[in-house]
Number of protein chains: 2
Amino acid sequence: MGRRSIHTQEELRELIIAATTSIIDEAGIDGLSAREIAKHIGYSPGTLYNMFENLDDLLLIIEARLLDDLRQQLIEAAQNAPAHERLPRLAATYFEFTQNHPKRWSLLIEHRIPGNHPVPDWYEDKISSLLQPFEDVLDPILDADTSPETRRQHARTIWAGIHGLTSLSTANKLATITNHSGQVLIDDLVMTYLAGLQRSTSHGVSTAPQKEKR
Amino acid sequence: MGRRSIHTQEELRELIIAATTSIIDEAGIDGLSAREIAKHIGYSPGTLYNMFENLDDLLLIIEARLLDDLRQQLIEAAQNAPAHERLPRLAATYFEFTQNHPKRWSLLIEHRIPGNHPVPDWYEDKISSLLQPFEDVLDPILDADTSPETRRQHARTIWAGIHGLTSLSTANKLATITNHSGQVLIDDLVMTYLAGLQRSTSHGVSTAPQKEKR
DNA sequence: AGTATGTATTGAACGGCGGCCCATGATCGC
DNA sequence: GCGATCATGGGCCGCCGTTCAATACATACT
């Protein structure tokens, strides 16, 4: 066949991305193949290679969208929560998000580009921009004289901690953590870490008297 | 060919396990195949299937050994540290261990048994026995009236948090975390969480005055 | 030493998968 | 009609896990 003009290039691109996403969500990456995608959209395998370099290219784009979605939800969650509940909400949102798209989330974590070529720059940017909401929310909690590096460090720590809980319940082989118990642990982690932060900022460099936050 | 009697069954088994381990450590699971293992040990592919059900079976055994090793190192680390430093040492040991065997560690996390059959019981036991050292070390830190469930919960939380940091630096695609900075973050996580625990145990159910640990 | 018996090992073969390419032909805008 | 463009889909090549009849060896027995 030749040109169909049923879909524009742009529509076709989106069609491919949507089909791939749904295959992954259902069957995981092991259920994915060029032929399978083609079957889903009613085109032939060759078509994929008119729109994307190769499958890894396509996967990267899907991962990027997932990261964008997550970031968006984090930002919204933080905005819609009262100040003193922002960090817990952020954590819960992160956890829920990964629970809602477990297969795609696993892809994001586990997908490696063959020949250990580095990931594109824009991808790394998206990763590290996940950190921003945590920094923003952590900011008003910390003492004013906390150094920027220390702020970032705390943000990373808590981000990584949350990430650990999510990945333990997503990776079904270590799943001693269920969806419900995950929420509890997330809360434990965040609240206790926060308590620790407030304790050390009151005991540390600053000699100011302890400020109770409530 | 027929029987060689160069290696006993047991030796052959170990040979296979060793070869597989080294292939994974070098090339990751993508570099692994029955033929590749056979080449390494100078036997034919068929031989593998005299000793193991299939490749997944073999992989599970390798994962089990990794878990055993880690558990052993955790226990030793805890024993050789002064009481008030046990938790940080535990965390650092966990982190170092995964850094020392990144590919094999990733295998452990990412390997799924096809047809989503469940993992054998002994495997789950090994996973959850990783929690034990953390519980043991956390125990003397917590208030005496902390319930057993709460203890386990805290142990899980901190375990998962540490796990998150390790997996962020092992999964090279999110690697905003280097080996060095990982150590720093691990310390941050553990120390702050601990501080938080002590704060809440002093402020919570118990009305005992704050106990400074130094 | 020779034969028989059982077994450990073989490795070719099966059936299937996969990514990716490209000569061909269909369909478009003009 | 005519060239440009887009989609095709069969085919190339390579990989994989796994099997099993055949075989070469070790052992036991005569």
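All values derive from a computational prediction rather than experimental measurement. Letters go in sequence order (proteins before strands), and every chain restarts at 1. Every heavy atom of this structure was used, including side-chain atoms; hydrogens, water molecules and symmetry mates were not.
Under 4.0 Å is where a charged nitrogen must lie from a carboxylate oxygen, and between A:Glu149 and A:Arg152 no such pair does.
A side-chain N or O of B:Asp188 and one of A:Tyr193 form a donor-acceptor pair less than 3.5 Å apart. For the residue pair A:Asn80 / A:Glu76, no side-chain donor-acceptor distance below 3.5 Å is found, with atom types taken as modelled. A side-chain donor-acceptor contact under 3.5 Å links B:Asp136 and B:Gln132.
Between A:Gln9 and C:dC28 there is no side-chain N or O to OP1 or OP2 distance below 4.0 Å. Put simply, A:Ser33 has a side-chain N or O that comes within less than 4.0 Å of OP1 or OP2 on C:dG18. Applying the 4.0 Å criterion to OP1 and OP2 of C:dA8, one finds that B:Thr47 has every side-chain N and O outside that range.
Closest approach to the B:Pro45 side chain among C:dT10, C:dC20, D:dT18 is made by D:dT18 (side chain taken as heavy atoms from C-beta onward). Here the side chain of A:Tyr49 is nearest to one of C:dC20, D:dT18, C:dT9, namely C:dC20. The side chain of A:Ser44 lies closest to D:dG9 when the candidates are C:dG19, D:dG9, C:dG11. Closest to the side chain of B:Leu55, out of D:dA7, D:dT18, C:dT9, is D:dT18.
In this structure, B:Asn54 places its CG atom 9 Å from C1' of D:dT18, rounding to the nearest Å. With rounding to whole Å, B:Leu58 atom CG is found 16 Å from D:dC16 atom C1'. When rounded to the nearest whole Å, the span between CD1 of A:Ile16 and P of C:dG19 equals 14 Å. Rounded to an integer number of Å, the gap from NZ of A:Lys39 to P of D:dG10 is 14 Å. What separates CE of A:Met51 from C1' of D:dT8 is a distance of 15 Å, to the nearest Å. Between the P atom of D:dT18 and the OH atom of B:Tyr43 lies a distance of 21 Å, rounded to the nearest Å. D:dG17 atom C1' lies 10 Å from atom CG of B:Asp56, rounded to whole Å. Atom CG of B:Leu12 is separated from atom P of C:dT7 by 17 Å (rounded to the nearest Å).
For a distance-only test at 3.5 Å, the side chain of A:Arg35 qualifies as a donor-acceptor partner of the base of D:dG11.
When heavy atoms are screened at a 4.0 angstrom cut-off, A:Ala34 is found touching the sugar-phosphate backbone but no base atom. Nucleic acid contact for A:Ile6: none, since no nucleic acid atom lies under 4.0 Å from a heavy atom of the residue.
Annotation: of the two residues near DNA chain C, B:Asn50 and A:Gly31, the 5′-most nearest-nucleotide partner is B:Asn50.
Expressed to the nearest 0.5 Å, how far CD1 of A:Ile16 lies from OH of A:Tyr43 amounts to 9.0 Å.
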